[in-house]
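In what follows, a single structure is set out as structure tokens and then discussed.
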Amino acid sequence: MTLVLLGVVVVLDRFRRSDGESDRVHSLLATTTTGITAGAINVVAGVGGVPLSVFAVLTRWRSAAFAASSQFVFTVMCVATIAGLATVGSLELPTFTAAQWVGAAAAIFVGVAAGPWLARHTSQRTARTIMLVTAGAGAVASIVKGITMA
């Protein structure tokens, strides 16, 4: 479903007349629907970023503002997901080795350090493409995980 949604958004975005970014305020309904969808998909499949990416493309959310906002949203969404799964007894903590934890932490620190530099040297179009490819990769990873667990 997430891959189809991403594909539709990419196709629809190609047919827009204006290449400018939108400055209009997004409706409460669209924002709320996106948040609920992202939270639900995050709990079910771990790909809550896809609805946010779709929303960002359709509303032409500027990448710098999207990055700042989505970091907060992802933090709240993941804390809520962990709390919800723990409450219903379905929380499974990752079984990483010490090296994997160190690698994950290193990747986070490299991303935090490289992000500001990349933001200054990346166009809106390239940033949007990277976001959509990353969202698509997350959706594909979720499908692969589902198939291998079946």
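Computed from a predicted structure; not experimentally measured.
Using a 4.5 Å cut-off on side-chain heavy atoms (C-beta onward), V50 and I41 make no contact. Between W101 and T97, every side-chain heavy-atom pair lies at or beyond the 4.5 Å cut-off. When side chains are defined from C-beta on, F55 does not count as touching T37, because their heavy atoms never get closer than 4.5 Å. Residues M131 and F66 meet the side-chain proximity criterion, which asks for heavy atoms closer than 4.5 Å.
Q124 places no side-chain N or O within donor-acceptor distance of the main-chain N or O of R62, the cut-off being under 3.5 Å.
The distance from the OG atom of S53 to the CG atom of L58 is 11.0 Å, given to the nearest 0.5 Å. The CH2 atom of W117 sits 7.0 Å away from the OG1 atom of T122 when rounded to the nearest 0.5 Å.
A single hydrophobic cluster is seen to contain both L85 and L93, as judged by linkage of ILVMFWY side chains at heavy-atom distances under 4.5 Å, directly or through other members. Cluster annotation: V43 is connected to L91 through the hydrophobic network of ILVMFWY side chains, with a link wherever side-chain heavy atoms come within less than 4.5 Å. Linking ILVMFWY residues whenever their side-chain heavy atoms come closer than 4.5 Å, directly or via other members, leaves I82 and V88 in distinct clusters.
Not counting sequence neighbours, T134 has no partner by the side-chain hydrogen bond (donor to acceptor under 3.5 Å, both in side chains) test.
The closest side-chain donor-acceptor pair between S123 and T126 falls under 3.5 angstrom.
Counting all heavy atoms, side chain and backbone alike, G48 lies closest to N42 at N-OD1, 3.5 Å. When every heavy atom of T34 is checked against every heavy atom of P51, the shortest pair comes out as CG2-O, 3.7 Å. The shortest non-hydrogen separation linking V112 to P116 is O-CD, 3.2 Å.
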